[in-house]
Amino acid sequence: MKYTAARTCRAVLAVPRRLEECLAEVRRRPDRGDISITTVIIWVAAVTGALLIAGTIAAVIAKYNGNLSGI
């Protein structure tokens with residue numbers, strides 16, 4: 001934490017330079033392959049399914065925790 005101010009200053013000064021590099025890249029390659037809505041829907045469905053499965057497993061373990069302690 002000794003050099004927090006110096007690191008913060010460096011980061012703040014680097015942001016405009018990085019932003020300008022990104023904008024130059026966008027101007028140079030406007031067709032950079034943006035993600036399609038179908039891909040977003042598939043990812044959301046996959047993450048939701050994974051969360052439902054993990055939640056179900058956690059609920060079953062919590063319900064039967066006393067019975068499983070002897071295993």
Query raised in the report: Listed by chain and number, what are the side-chain contact (heavy atoms from CB on, under 4.5 Å) partners of Val15, not counting sequence neighbours?
Result: none
**Report entry** Under the side-chain contact (heavy atoms from CB on, under 4.5 Å) test, residues paired with Arg28 that sit two or more places apart
**Finding:** Glu25
Requested in this report: Would you mind listing the cluster partners of Ile42? Hydrophobic ones only (ILVMFWY), side-chain contacts under 4.5 Å, chaining allowed.
Outcome: none
Query raised in the report: Less than 4.5 Å apart, any side-chain heavy atom of Pro16 and any of Glu20?
Result: no
Report task. Supply the atom-to-atom distance Ile57 CD1 to Ile61 CD1, rounded to the nearest 0.5 angstrom. Result -> 7.0 Å
Requested in this report: Apply salt bridge (charged side-chain N to carboxylate O under 4.0 Å, His left out) to Arg17 and list each qualifying residue two or more places apart in sequence or on a separate chain.
Outcome: none
Query - Arg10: partners by side chain to side chain donor-acceptor pair (under 3.5 Å), with sequence neighbours left out - result: none
Report summary line: The side chain to side chain donor-acceptor pair (under 3.5 Å) partners of Ser36 (sequence neighbours excluded) come to Thr39
